[in-house]
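What follows is one structure encoded as structure tokens, with my remarks underneath.
Reckoned from all heavy atoms, side chains included, excluding hydrogens, waters and symmetry mates. Everything numeric here is computed off the predicted structure, so don't read it as measured data. A note on names: the letters A, B, ... follow the listed sequences, proteins ahead of strands, and every chain is numbered from 1.
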Amino acid sequence: MKIRKDIAQRKRTDKVFSLVGLIATLVGIVTLLALMIDLAWDGTARLNWNFFTAFPSRFPDKAGILSAWVGTGVVMFVTALAAVPMGVAAGVYLEEYAPKNVMTTLIEINIANLAGVPSIVYGLMALGLFVYKFQFGMSILTAGLTLALLILPIVIMATREAIRTIPGSIREAAFAVGATKWQMIRHHILPYSAGGILTGVIIGLSRAIGESAPLITIGALTFIAFLPASPFTGTFPFLSFEWLKSPYTVLPIQAFNWVSRPQKAFHLNAAAAGLTLMAMTLAMNGAAIWIRYRFRKRIKW
Amino acid sequence: MRKTMKGFLAGTFVLAFAPGLWAAKDVIKIDGSSTVFPITEAVSEEFMKSEPTQVTVGISGTGGGFKKFCRGETDISNASRPILRKEMDACLEAGIQYIELPVAFDALTVVINPKNNWAQTMTVAHLKKIWEPAAQGNIKTWKQVNPAWPDKPLKLYGPGADSGTFDYFTEAIVGKAKSSRGDFTASEDDNILVQGVTNDEGGLGYFGLAYYLENMETLKAVAVDGGKGGVSPAMETVKSGTYAPLSRPIFIYVSKKSARRPEVKRYVEFYIKHAQELVNEVKYVPLPAEEYNSVLYRFQKGQTGTAFGGKSEVGVPISELLNRKPKL
């Protein structure tokens, strides 16, 4: 009899925890949902073709986000291009090559600390380093590199976590058939951990896409009514990097500017810009899930 | 084949990063105050319809804008206050000469709840009694400000300490910029201040005139008595200079070197000639029409320097300001 009571008691505890867990999960989802509904409520009416193809304007109903969404897209592209190779290389080195000594521990602790540095500090650093020292100017290149540094710790840590989940026996098997360390990493570690690395990259990019403070520090604009130069040209060498030097603005800055206007019609524009930003983030996440699925399918163990 | 391709790509990359190729094209670069931004945005929008020159406008605040301006990174700086001594020195050191052009008025509005029927006119002394640092923790009811007013709690709303509005209000009312009590609801987002006063019978707040004009149905503006009887804030009273001391001119500063570029010259002239109409459209108060002629004259003569001598001044009539000889 006592045993039954005991079991019932434990089952109750189990139920209580699952309920607490469910509530905890819902808090996050409900908040996000409320935010989206609120934005959609205000902003949907503004989401038309003109909104995406027009430049900013003093007339709220004519104003659009062309320069902002193109700017956000291009800056994110540069960010990913810089952060992924650097972050993955650093993560692989720390996990597979670095000797376990004081120096390595120090580096590891510092990387973890870097993830907690406020983004404005990265902006100030980039202003001195990229804008003035390297003469990159207030350009898309500067913005991309700054945000890349910002998300680098996230990418490095995600890479290390992902690599750590691969069983040691895989490494030993590769060595046993005569693979070098690089061959082992190239043929086994990287493909198997790609899913985890990708998740980290996307978390990082999702953080970067909403940043405005460091970008304002390094010269992001608010009104810009032209697009970066095209990367393709009609003459040799057919590729141009002119766009990297272009001035730019991004969606969060445009939205913030509209929110701070007195006219209510601009607030609706800001909501629509917020929705667009959210859609871009979701699209990025969706792409990551799809690529991860493709990678998973190829793994045979 | 793959190797040549790689080498080629690397080459292009190096080429793209060579510092010599980073020269800017014919872009007119403007940065500075967020208060002036809507006007400059409107002018740039119209200007770019009339010719292919590219214009960019940033918002790094009046101070941040002057920093870039005095390093020679921008052609024009938006400013919601005159240039200060240390900024003048920075410009002087870098050899940047500038032309100071007032373009519109910015008026602050003191607002109360529509249910408030006792404090529809307030003197500068009343406002000072409410906002000065000594009021912190002491002045908590309307009765304490004026014994004729009811014994109702006084709730205060104002912009944060980083804003130019805060600087100007404290200077005009308390007598010293940034000198204010600290126990009020502060927000950089003026819409929050609007909401606060709207929902609070004993509420009092201040912000730009444009916010009041957008929210006239839920707020009441206080007529401010600067010594000559109460004057309500409105387009006409600001323009005529009778709404004092809470209205001030706002400026653009044009670099003399940039002004020699034909497209910059065309832009500034376009700015002054269309200011009247465009300033109205973005809900700011334009200068009296004849004053724009003086502004245009100052630009075309290339009179460099500031009429303020490196410090802010409260309540100078615009006509007097334009008659002063600017000095570097």
Side-chain angles (χ1 to χ4, degrees), chain A residues 54-60 62-63 67 81 123 127 131-139 141-142 212 215-227 229 231 233 236-249 253-254 256-267 270, chain B residues 8-9 11-25 27 29-31 34-35 37-49 52-61 64 68 71 73-74 188-191 194 207-215 278 281-284:
Chain A
F55 289 115
S57 162
R58 68 184 181 284
F59 303 110
K62 282 190 200 156
S67 40
L81 221 59
L127 182 70
V131 178
Y132 293 123
K133 188 102 184 162
F134 295 164
Q135 302 266 308
F136 289 168
M138 309 198 168
S139 59
L141 178 65
T142 303
S212 61
L215 295 184
I216 289 180
T217 317
I218 55 174
L221 296 160
T222 308
F223 174 85
I224 172 166
F226 54 89
L227 293 179
T233 57
F236 187 81
F238 304 112
L239 266 182
S240 156
F241 291 95
E242 189 72 20
W243 57 274
L244 277 173
K245 307 175 215 166
S246 296
Y248 62 96
T249 188
I253 294 179
Q254 182 64 69
F256 180 73
N257 174 247
W258 279 335
V259 166
S260 62
R261 294 290 189 93
Q263 292 88 343
K264 299 214 166 55
F266 275 121
H267 302 168
Chain B
F8 168 69
L9 271 181
T12 349
F13 218 63
V14 169
L15 215 66
F17 284 79
L21 293 175
W22 287 84
K25 280 192 306 193
V27 178
K29 291 185 188 151
I30 308 175
D31 206 327
S34 58
T35 310
F37 176 82
I39 304 172
T40 304
E41 180 191 48
V43 173
S44 307
E45 186 186 353
E46 286 306 309
F47 182 71
M48 286 176 74
K49 276 183 200 158
T53 307
Q54 296 179 333
V55 185
T56 64
V57 192
I59 300 186
S60 33
K68 289 182 185 170
R71 276 197 300 248
E73 289 166 14
T74 52
E188 300 295 346
D189 182 356
D190 291 344
N191 295 302
V194 169
F207 37 72
L209 179 63
Y211 277 87
Y212 167 66
L213 297 178
E214 280 295 314
N215 295 284
L278 292 172
E281 268 183 34
V282 297
K283 304 279 166 67
Y284 280 66

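For Y132(A), the part lying under 4.5 angstrom from a heavy atom of chain B is the side chain only. Proximity to chain A is absent for every atom of L213(B), based on heavy atoms less than 4.5 angstrom apart.
Of the residues considered (E73(B), K283(B), E214(B)), E214(B) shows the highest number of contacts with chain A, using heavy-atom pairs under 4.5 Å. Of all the listed residues (S260(A), S57(A), P247(A)), the one sharing the greatest number of non-hydrogen pairs under 4.5 Å with chain B is S57(A). Comparing A42(B), S60(B), G64(B), G208(B) by heavy-atom pairs within less than 4.5 Å of chain A, the highest count is held by A42(B).
The pair E41(B)-R261(A) meets the salt-bridge criterion, since a charged nitrogen lies less than 4.0 angstrom from a carboxylate oxygen. A salt bridge links E46(B) with R58(A): at least one charged nitrogen is closer than 4.0 Å to a carboxylate oxygen.
Under the 4.5 Å side-chain criterion, counting only non-hydrogen atoms from C-beta, K68(B) is in contact with M138(A). In this structure, F55(A) and M48(B) have side chains that are not in contact, with every pair of non-hydrogen atoms separated by 4.5 Å or more. Looking at F37(B) and T222(A), their side chains come closer than 4.5 Å, going by heavy atoms from C-beta outward.
The nearest pair of heavy atoms linking F59(A) to E45(B) is CD1-OE2, 4.3 Å.
Around the NZ atom of K49(B), the shell of radius 6.0 Å holds more than 12 heavy atoms that belong to other residues, nucleotides or ligands.
How far CG of L221(A) is from NZ of K29(B): 9.0 Å, rounded to the nearest 0.5 Å.
For F47(B), the ring-ring contact (aromatic ring centres under 6.0 Å, His included) partners are Y267(B), F270(B), not counting sequence neighbours.
Between the side chains of K264(A) and N191(B), no donor-acceptor pair is found at a separation under 3.5 Å.
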